[in-house]
Structures are given as C-alpha cells and as structure tokens.
Amino acid sequence: MEHVREYVQEDPYRFRLDPQDGMRAPGVVFASRELLRDAEKSLEQVVNVATLPGIVGASYAMPDIHWGYGFPIGGVAATDVADGGVISPGGVGFDISCGVRLLAADCDRQALEPALQEVMDGLGRTIPRGAGPGGVWEPDGPGELEAVLEGGSRYAVEQGHGEERDLRRCEDGGAVAAADVGQVSERARERGLVQVGSLGSANHFLEVQQVADVYDEPVAAAFGIVRDQVCVMIHCGSRGLGHQICTDHVRAMDSAMTRYDIQVPDRQLACTPVDSPEGRDYLGAMAAAANYGRANRQLLAQATRRVFQRAAGVRLDLVYDVSHNLAKIETHAVDGEQRRLCVHRKGATRAFPPGHPELPEDLRGVGQPVLIPGTMGTASYVLTGVTGGDAFHSTCHGAGRSLSRHQAARTVGGKQLRARLEADGIAVRPLSPRSLAEETPEAYKDVAAVVEASEGAGLCRKVARLVPVGVVKG
DNA sequence: ATGTTC
C-alpha cells in the first residue's frame, strides 16, 4: 500500500508528481532536493489531496511540508466552487487561523537592553500560556463571545484594545466576513469563553526579537522595520474553540459525505461540496474561529504593549497579522478564466503580490508582509509576496518539525537548553522545562533552507531576518 | 494543534 512516489524535477525548487491512482490533478512540491528527502513520507498525502473533487491546478506542497491530519502541513489546494469543488476541514487543520502577528518597537536592541529583564519579567507574568483555561481578557458572557466570533480584531479594537491603524495591518481588516455563530457548538463556546488572549502551548510563542539582517531596505521600510530594531512576534491560534469546531465538523462531514457520492482515500479528508449545507456550515464556523484567533492575537498584542510601555517606555506598531491555517473563497485565473475557488492553506501563508487590490494603500506597492516563525534558537523571517508566484499566492509558514515531541525531549533537558539559550543572550520565560525541551531548535528543519527554497521557487522574496532576544513559551 | 486519549 505504501510505496515511494515517483517525481520529476521541473526546476531547481519544483518537483511534479504526475496524476495516477484517482488523482484529478498533479502534485507539485516546492523544495530543495534535501528538503524533499525529509518529506518523502508526506508525498502520500499530497497525492491523496489531488483526488479531491473539483481540485484545480495541482495539489501543492511548500518546502516545510510534513505529515498532518489528512492534508500535509504545508499543503495548498484550491477547488472550483461552481464545479462541485469541496471544502475539507482537514485542509485547514485543527488550529483554525493559527497565525503570526509582528509588532515593531520604536527603539533598537541597544536602547532596550537596560529594561530587557524587566520587560521579560513583565511578559512572563502577563502572558497566559500552556494548555487549559486563562486569558488576558474574558467576554462578559455568551453574547460578547459572539461579538468576538463575528468581529475578530475589529471588535477588540472597538472595545478599546488597540488602535484603528492596527486593523489596516491585519489580513481582512481584522475580521473574516460571514462568520456563522449558529454553527459554533455549545462545547466550542465553553472552551472559547475562558481562553481569549492566551498563547497556548507547543510551537506557539511570543518572542522579543532583533532585526538582524535586512535584504530589501525599501520594502522593509514600507513594512516599518529597519536593522537592529526591536520587534515582537506572536504565534498562536484559536485554542480549544478552533479545535472543537474542527472536531465537530469533521464528524458531520464524515457522515454526510456518502450522500454526495464522494470517495476519499483517507477518512481524514472528510469533505463536502463548498456549495452544500455542510460545506456552508463548516465555512461559517471556520470564519468564527478565524475571528477568535485574530482577537486572540490582538489582545495579546495589547497586553504586550502595556508591558513594554510600563517597563521601558517603548511603543509598538503593528507590522502585519496573517494566518497560515485557513480556507478562503478567492477569485483566481484558471486557464485564462476568472474562477471562484476555495483555497485551502494549511501550514501555508497567503502572499499577495505588489498591486493586489486587497492590500492596504501603504503596502500596495511592495506586496503583503509574510511572517515566518522560526525556532527559539535560530531565526524568524519577514518575506513579501511576489508577482507570478504559483500556488494561488501562497508560500511557506515556518521551519517544520523534524523530530517528534518525545524525541526532542530525549535529546536535551529543559534546564540545559535554557542555560544554553541564556548563554547565547536569549532571555527565556518557559512554563516548564519539559515543554521547553520539546521545542528545542534541533527538533525543527533549518528555517533558512525553507525560506531559501520558497524564494528559489518564486513564491516570495526575503525582506528581513529576525533573531530572538527573549522567548515566552507555553 | 488540543481540558496533550470521550
């Protein structure tokens, strides 16, 4: 059953898997030869996604591809809404609207130095993290939770948790339209009520960073970043609420699928047509979770601003906020014709090119900021979208795991890792030694190689490299 | 990713 997939190298960073075994489109993997070797097992999932009804173009995989639920993480697939195209919760993932927000400080690393420990202590006390309940803010009841699910960052800002300018630097202006709170189960609401403004665990983090390299000064300037500047990167998602929504709707689709005569090679690819009651229900619930994730990042950013202001007199401006786990209805040219597509991006980041009409005016000339969280010992990147990028304006999303959590914790002790990081000048505020060890940089692929391959494949361009100064982790 | 196995 499991066999090695044959592929053809089309370009230095592009490999094609020709259709076979029920595939309705080819597979296309963007990677270096070396990254592709790490990804061989996951090609099976690229092939499986290519069998989905209505798929157009190809089943794409980004250079940070690894094994996921149904779809690979690092997968991009678009289906044609008017041609029976399906929506699959597995193509978004359990952490709906997981994403990254980057803030830029009005000071450089040297200026922050005297206040750094106080800032880190403040963040360590203030930022809720780890599994379970607890957030920086709690809706005053079920009604206000619905306002969050409908309004996302926009609602948070309206309530005084941020600035109007923030919304112009958020994907979709801070809120996805068409959230359907009626499709958010009671259990999802219960979990969501007590986690607004919380980081979560595993690879989620809040980092104080320093801009170590600028590759494109004019674009970096338009984004609002310069060399040596202090930045804050927040990587988190929609917590238990998004997880519950995924669980609920996978179950609903799994039992509805036969009614649409849809067969998939893996039950985890449960899906129904976008244009079906179950498809619409999921998309409405997914949009609600997306807004929850955005409000979550907005509130964490606001808590971070208060700490920086109080401890260092430093101000933080939003660079951008973008998700890397989401499905969206977008219009793209397919064989010269404009088509409405459902674009699944799972562990893949939207990367609009310069001139895209959905970009705010001050970014229109340079393209969309793409935020790539790395690991706590290495680096993170800021990229920009490019003209002519393939895969429906998408690129990579991070380093991608190479060791399991268990394997990672066996390679190093948490205390030992913390000592090593601090010796490298990185302040660490972990929740526990064990959780820190599970996130050791050695457990991830080389994020620089992932970014290199993404740029080499023509999906994006490098703008800046950020290195960690202080790490807050669940 | 996740009240880390309903």
Side-chain angles (χ1 to χ4, degrees), chain A residues 42 45 62 64-75 88-101 128-135 138 145 184-206 234-252 254-255 268 270 282 285-286 288-290 292-294 296-297 300 322-327 344-349 373 375 397-410 414 430-439 443-444 473-474:
Chain A
S42 309
Q45 294 193 311
M62 301 297 123
D64 47 338
I65 176 177
H66 56 284
W67 192 267
Y69 180 89
F71 278 59
I73 295 161
S88 174
V92 173
F94 277 85
D95 195 2
I96 297 167
S97 201
C98 180
V100 184
R101 171 174 291 227
R129 54 203 191 276
E138 192 170 325
L145 179 66
V184 179
S185 68
E186 194 50 46
R187 197 192 286 201
R189 290 168 194 242
E190 277 170 24
R191 295 177 71 173
L193 198 57
V194 291
Q195 293 185 322
V196 188
S198 67
L199 210 48
S201 56
N203 66 346
H204 290 161
F205 66 72
L206 185 152
I234 299 171
H235 176 206
C236 65
S238 53
R239 306 293 327 277
L241 180 134
H243 193 277
Q244 190 63 49
I245 285 174
C246 183
T247 302
D248 294 340
H249 288 263
V250 164
R251 190 173 297 144
D254 185 62
S255 57
Q268 296 183 352
Y282 171 68
M286 183 207 72
Y292 184 95
R294 286 133 195 249
N296 193 20
R297 291 193 287 274
L300 285 170
V322 65
S323 168
H324 48 233
N325 282 3
L326 211 60
H344 303 71
R345 295 187 183 88
K346 180 190 192 179
T349 316
T375 76
H397 90 302
R401 264 201 114 80
S402 57
L403 295 182
S404 72
R405 317 192 61 74
H406 186 73
Q407 285 173 315
R410 276 201 326 206
L431 200 61
S432 76
R434 165 79 195 194
S435 67
L436 193 71
E438 289 176 346
E439 291 298 312
Y444 287 87
K473 278 202 73 82

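A, B, ... follow the sequence lines: proteins, then strands. Residue 1 opens every chain.
For A/Arg251 and B/dT2, the CZ to P distance is 19 Å, given to the nearest whole Å. Between A/Phe94 atom CZ and B/dT5 atom C1' the separation is 13 Å, expressed in whole Å. Across the protein-nucleic acid pair, A/Leu431 atom CG and B/dT2 atom P stand 12 Å apart, rounded to whole Å. Rounded to whole Å, atom C1' of B/dT2 lies 10 Å from atom NE2 of A/His204. Atom NE2 in A/His243 sits about 9 Å away from atom P in B/dC6, given to the nearest Å. Between A/Ile73 atom CD1 and B/dT2 atom P there is a gap of 13 Å when expressed in whole angstrom units. One can place CG of A/Leu241 at 12 Å from P of B/dT2, the figure rounded to the nearest angstrom. Put simply, CZ on A/Arg239 is 5 Å from P on B/dT2, counting in whole angstrom units.
Within 4.0 Å (heavy atoms only), A/Arg187 reaches at least one base atom of the nucleic acid. Using a 4.0 Å heavy-atom cutoff across all strands shown, A/Glu190 reaches no nucleic acid atom at all. Contact annotation for A/Gly237: no contact, since no heavy-atom pair falls under 4.0 Å across all strands.
By the 4.0 Å N-to-carboxylate-O rule, A/Arg410 lies too far from A/Glu438 to be salt-bridged with it.
A/His243 is linked by a ring pair (Phe, Tyr, Trp, His ring centres under 6.0 Å) to A/Phe94, counting only residues two or more places apart in sequence or in another chain. Taking the side chain to side chain donor-acceptor pair (under 3.5 Å) definition, one finds that A/His235 meets it with A/His324, sequence neighbours left out.
In this structure, A/Ser201 reaches the B/dT2 phosphate: one of its side-chain N or O atoms is under 4.0 Å from OP1 or OP2. Checking the phosphate oxygens (OP1, OP2) of B/dT4, no side-chain nitrogen or oxygen of A/Arg405 falls inside 4.0 Å.
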*Can A/Ser97 and A/Met286 be said to form a side chain to side chain contact (heavy atoms under 4.5 Å, CB included), step by step?*
CA-CA 8 Å; A/Ser97 201; A/Met286 183 207 72; over 6 Å; no
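Within 6.0 Å of CZ in A/Arg434 there are more than 12 heavy atoms belonging to other residues, nucleotides or ligands.
Comparing A/Ala131 and A/Arg401 by the nucleotide of DNA chain B whose heavy atom lies nearest to each, the residue mapping closer to the 5' end is A/Arg401.
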